[in-house]
2 protein chains.
Amino acid sequence: MQARFAQIKAALTEQIETSVLKPGDKVASENELAEQFGVSRMTARRALTELVDEGILIRTQGLGTFVSDHRPMSSMLTIRSINDEIKQRGHSYTNKVIQQCSVNADETQAVWLGVEVGTSIYHTQVTHFENGLAVQLESRYVNPAFAPHYLAQDFTNTTANQYLSQVAPLTQADHIVEAVMATEFESQALSVEANQPCLKVSRRTFSAKGIVSYAILLHPGNRYRMGGHLDF
Amino acid sequence: MQARFAQIKAALTEQIETSVLKPGDKVASENELAEQFGVSRMTARRALTELVDEGILIRTQGLGTFVSDHRPMSSMLTIRSINDEIKQRGHSYTNKVIQQCSVNADETQAVWLGVEVGTSIYHTQVTHFENGLAVQLESRYVNPAFAPHYLAQDFTNTTANQYLSQVAPLTQADHIVEAVMATEFESQALSVEANQPCLKVSRRTFSAKGIVSYAILLHPGNRYRMGGHLDF
DNA sequence: CAGTGGTCTAGACCACTGG
DNA sequence: CAGTGGTCTAGACCACTGG
């Protein structure tokens, strides 16, 4: 059973996803929501507060609560699952699993995963779509020692990231960010024209006992940006 | 007058900063805090909830609330001056100042710098070379209010970054990273062939009183990568 | 079992915004 | 002024953890 404040959040995010509520629109006031959902104002307020914290709504005292205008952007300082990120922007998330198999590690993969060359490792390749547009081609290699049931998962409903963080909690990550030209295969998988610049993030994720996975995340340059904020 | 929940937050963070409470320590329960501070449990709870959201505390139902051993990190984008970065790699650093002038802010520049359209702002454009190869084209706009003598500097010997951090100490920064195609002018300034993917970092730097500068840093995809490491 | 956090209520007073 | 969000109370019942 879902909590009532969570139901209200879900109702609101659904309205935002389906564009019933658009950026800039005013959402019902706390009192109105409380009445509509038959809850106390504190409960309605909690739903709004969490959505404000998530950046989906913006509140102004005396004025009301409004749908925030979200530019697609992800933070470099946190590792969020791509589907959460997209949903948080109020957009629809879909994906397409291209490959899900085990392979024998070649030299590059072995080095990155910290295993012997020839070790059987898991490989998945998934395209992630935001509002129907491909925004990420994820090519991931996983050390079976940390996630023996990885290949049995259904990655249309969950992401590799989400699954792995459950079975092997993240303790560290490192990454390299660069700009590259998409190969022909990549252009096709992302439905972009050839010779398009792409943002490539190569990331290793660690759990307490070692390197869990190594992922190459490729994003069309014109559809994806990474953002960040630093305080000193 | 500070809100009561904020006072409780301040009291707890102060105890953590002064190591009265260390990572892993259990903090007072919601009921205990409510009694100590003479507030309702909901108010004590709010203080804890916000600290949990900020990553400072960790809560487990039935167990209690604990100080997180989350250490603030920002290794990914410590803002280092490009010449320091290059010298640290043991390579030679040179540059070429392309432009150094004042311009009237157009709409984009005005928005990014937080000034009125048409305000006179400073503009510099510099190409940075590592071992003779262009690795960054820096196009920077500066708010004269924070650095009135910016244009009089000799940027062959110091970088804009270094100079600005002296006259207006950095307190914050934000940035957007994306992959783009170099324009013809940019290709020439970076001595790369046309249609090369480039890593574009758009960064605003803040001092205590406002936005000091806005820079567009363009790097040839095949000569520059950004790296980072995260601990959880 | 006693203690913890998780959710929720039905009130209250306040500060702020627009008209 | 009426309406909004911001804070707070003093209760309640629940699910969960350890002993």
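What you see is a predicted model, and the numbers here were worked out from it, not measured in a lab. Throughout, protein chains are lettered first and strands after them, A, B, ... in sequence-line order, and every chain is numbered starting at 1.
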- [ ] Determine which nucleotide pairs with dT9(D), using a 3.5 Å limit on both distances of a Watson-Crick or G-U wobble pair.
- [x]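 With both distances under 3.5 Å, dT9(D) matches dA10(C).
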
- [ ] Could you check which nucleotide pairs with dA15(C) in any of the strands shown, counting Watson-Crick or G-U wobble with both distances under 3.5 Å?
- [x]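 Per the H-bond distance test, dT4(D).
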
- [ ] Decide if atom CD of Glu35(B) counts as having more than 12 heavy atoms of other residues, nucleotides or ligands within a radius under 6.0 Å.
- [x]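 Open.
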
- [ ] Counting heavy atoms from C-beta on, name the nucleotide in dT4(D), dT7(C), dG6(D) closest to the side chain of Lys26(A).
- [x]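 Shortest atom-to-atom distance from the side chain points to dT4(D).
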
Open item on the list: Can you identify which nucleotide, out of dC8(D), dT4(D), dA15(D), has its nearest atom closest to the Gln61(B) side chain?
Closed with: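 So the nucleotide nearest the side chain must be dA15(D).
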
TODO: Find the distance between CZ (Phe206(A)) and CZ (Phe146(A)) and round it off to the nearest 0.5 Å.
DONE: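 The distance works out to 10.0 Å.
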
Open item on the list: Using a 4.0 Å heavy-atom cut-off, does Arg45(A) contact any base of the nucleic acid, only the sugar-phosphate backbone, or nothing at all?
Closed with: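 The residue Arg45(A) makes base contact.
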
Open item on the list: Taking donor-acceptor contacts at under 3.5 Å, does the side chain of Arg41(B) reach the base of dG6(C)?
Closed with: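 Donor-acceptor pair under 3.5 Å: yes.
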
- [ ] Look at the side-chain N and O atoms of Thr60(A) and state whether any lies under 4.0 Å from the OP1 or OP2 oxygen of dT4(D).
- [x]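 No, outside the criterion.
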
Task: Intermediate values then yes/no, ring pair (Phe, Tyr, Trp, His ring centres under 6.0 Å), Tyr150(A) and Tyr141(A) - done: CA-CA 10 Å; Tyr150(A) 182 75; Tyr141(A) 299 91; over 10 Å; no

Task: Whole angstrom value for the distance that separates P of dT7(C) from CZ of Arg46(B) - done: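 Computing the Arg46(B):CZ to dT7(C):P distance gives 16 Å.
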
Task: Flag, side chain of Gln125(A) to backbone of Ser139(A), donor-acceptor distance under 3.5 Å - done: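 Not confirmed, Gln125(A) side chain does not pair with Ser139(A) backbone.
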
- [ ] Using heavy atoms to find the nearest nucleotide of DNA chain C for Asn31(B) and Met42(B) separately, return the residue whose nucleotide is more 5′.
- [x]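 Checking each residue's closest nucleotide, the 5'-ward one belongs to Asn31(B).
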
